[in-house]
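In what follows, every chain begins at residue 1, and chains take the letters A, B, ... in the order their sequences are listed. This is a predicted model, so every value here is computed, not measured.
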Amino acid sequence: MLKLRDVLSTLQQVQGFKDAKVSLEQYPTPADIASHMCYLIQQRYRDLENKSVVDLGCGTGMLSVGAMVCGASHVTAIEMDPEAIEIALNNFQKLELANEIDVIQCNVCDFIPGLSQYIKKNSLKDSSDKHLSNKQKKAQRQKQKQKMKICGEKNSGNEAFTIDINAKQLLELQCTPDKFKHKWCDVLLMNPPFGTKNNKHIDLIFLKVALSMTRNVIYSLHKTSTRTHLLNTLQNVWKVKKVEVIAQLKFDIPNMYKFHKTDSKDIHVDIFRIEC
Amino acid sequence: MRLLTHNMLHSRHKKGVRIGYPLKIVCSELRVVPQTFNKDFVKHRLPLINWTGFTSAITDIKEMLAKNENSETFSIDMVNKIPRNFSSDLLTDEFLKLCHHLLFEIVVFEGYLECPETKRQFPIKQGIPNMLLREDEL
């Protein structure tokens with residue numbers, strides 16, 4: 001018998017980000033939210049036990065672990081940031097789940113061929129810039145430049161990008177070739193970037209990719225302030241079979257980034273359940 | 001990377017690639033990781049995989065499999081008998097166990113995936129395929 005307490009105590013052992021990247025909007029999914037989410041999905045909808053699951057943008061693997069603990073048969077975790085993957089692998093090993101979770105390093109945006117033309121990269125410009133004085137900005141840019149030199153790679157996560165696309169254009173882009181309409185999984189879980197920073201619409205891109213990957217249902221966390229917009233897009237523009245908000249939770253974001261002024265901040269998030 | 005995951009991957013995000021499927025597996029280290037056999041799950045999952053991708057993956061790693069298979073339960077002869085096309089008549093217990101083994105227990109640990117059209121290689125390290133592209137490839 002699955003107990004919420006047991007799920008929570010396992011998820012509390014999941015390590016978060018060491019050095020969160022603002023350009024990738026890396027906020028850790030708190031253990032209590034993830035455990036409530038996974039427990040709810042299993043107890044109310046029976047959507048984890050004996051299912052194949054994808055965790056899109058897995059970060060350090062919180063939802064992957066949650067899905068496994070709640071009885072999923074197989075989890076594929078997808079993440080682009082190598083540092084997050086490393087922590088996720090440690091988490092899986094520590095919890096003896098490494099043999100059951102497959103990890104893929106991939107950019108979620110790449111699942112939509114043709115999307116790249118809508119993406120504009122603003123290298124070395126962080127969204128936290130506007131809160132800093134010019135002098136600070138300069139210092140920060142220099143620091144990032146150095147860091148990038150050391151990393152020696154383009155995808156180090158220090159780049160901010162803007163996406164200039166609307167829901168309708170996004171709908172018209174095809175994720176998988178018509179010939180290969182096989183689906184990745186039964187159930188997809190994700191805590192996508194909220195898309196409320198420079199990366200507007202990234203939440204829609206995650207949803208679009210999620211819809212192309214799953215056979216049955218998506219569970220996704222979104223900021224409550226974007227609820228009306230998302231419901232409208234999913235129902236009226238994308239015409240999914242069914243979409244509902246199954247829970248609203250308080251998300252405690254600790255002060256992680258320079259532009260955070262207070263110690264921590266509560267924001268409201270919704271758990272979306274989308275049937276496709 | 002398990003073969004189930006390989007079954008889903010394509011390289012269509014690369015510029016100029018039309019289908020990019022199935023990706024060729026070139027494997028230098030293969031691991032066998034035992035998993036509990038869940039008959040209902042495999043029965044449910046099997047009709048949903050892409051059979052072309054699955055048989056192509058098996059062909060790619062056959063040599064490695066032959067080296068690795070020393071168990072009595074699975075022989076390379078059984079793998080050789082997997083048909084080109086899927087049909088529901090195949091779903092015997094023995095066949096389900098074999099497919100469970102191939103899809104969930106075989107891990108391509110080191111090697112690379114190759115795009116069938118552009119021959120671009122995607123490295124697999126520590127069991128993780130890296131599908132990231134450079135900006136000029138998008």
>> Does B:R120 form a salt bridge (charged side-chain N to carboxylate O under 4.0 Å, His left out) with B:E137? I'd like the steps, not just the answer.
In response: CA-CA 10 Å; B:R120 160 72 148 94; B:E137 293 176 303; 2.7 Å; yes
> With respect to chain A, which residue among B:N130, B:N38, B:L4, B:I49 yields the maximal number of heavy-atom pairs within a distance under 4.5 Å?
Replying inline: B:N130
>> Taking side chain as everything from C-beta outward and backbone as N, CA, C, O, which of these in B:D40 sits under 4.5 Å from a heavy atom of chain A? Side chain, backbone, both or neither.
In response: neither
> Quick one: is the NZ or CZ of B:R12 closer than 6.0 Å to the six-membered ring centre of B:Y21, and within 45° of its axis?
Replying inline: no
>> Check for me whether the distance between the ring centres of A:F206 and A:F111 falls short of 6.0 Å.
In response: no
> Centre of B:F109's six-membered ring, under 6.0 Å away, within 45 degrees of the axis: is that where NZ or CZ of B:R31 sits?
Replying inline: yes
>> Quiz question: by atom type and distance under 3.5 Å, do the side chains of A:Q42 and A:E49 form a donor-acceptor pair?
In response: yes
> Given the options B:T36, B:L48, B:V33, which has more heavy-atom pairs under 4.5 Å with chain A than any of the others?
Replying inline: B:L48
>> Between A:I78 and chain B, with a heavy-atom cut-off of 4.5 Å, which part of the residue counts as in contact: side chain, backbone, both or neither?
In response: neither
>> Please classify the contact of A:L89 with chain B as side chain, backbone, both or neither, using a heavy-atom distance under 4.5 Å.
In response: side chain
> Under a 4.5 Å heavy-atom cut-off, does chain B meet the side chain of A:T76, its backbone, both or neither?
Replying inline: side chain
Using residues 55-72 of chain A as the side-chain source, report each donor-acceptor pair under 3.5 Å to any protein atom, sequence neighbours left out, with the distance given to one decimal.
from  : atom 1 : to    : atom 2 : distance (Å)
A:D55 : OD2    : A:S64 : N      : 3.1
A:D55 : OD2    : A:S64 : OG     : 2.7
A:T60 : OG1    : A:Q15 : O      : 2.9

>> I need the residue from B:R2, B:M131, B:H13 with the largest number of non-hydrogen atom pairs under 4.5 Å to chain A.
In response: B:R2
Indicate every side-chain donor-acceptor pair of residues 80-91 of chain B with a distance under 3.5 Å to a residue at least two apart or in another chain.
from  : atom 1 : to    : atom 2 : distance (Å)
B:N80 : OD1    : B:K62 : NZ     : 2.9
B:N80 : ND2    : B:I76 : O      : 3.3

> Looking at A:N50, A:I85, A:N99, which makes the most heavy-atom pairs under 4.5 Å with chain B?
Replying inline: A:N99
>> What part of B:F104 gets within 4.5 angstrom of chain A, counting heavy atoms only: side chain, backbone, both, or neither?
In response: side chain
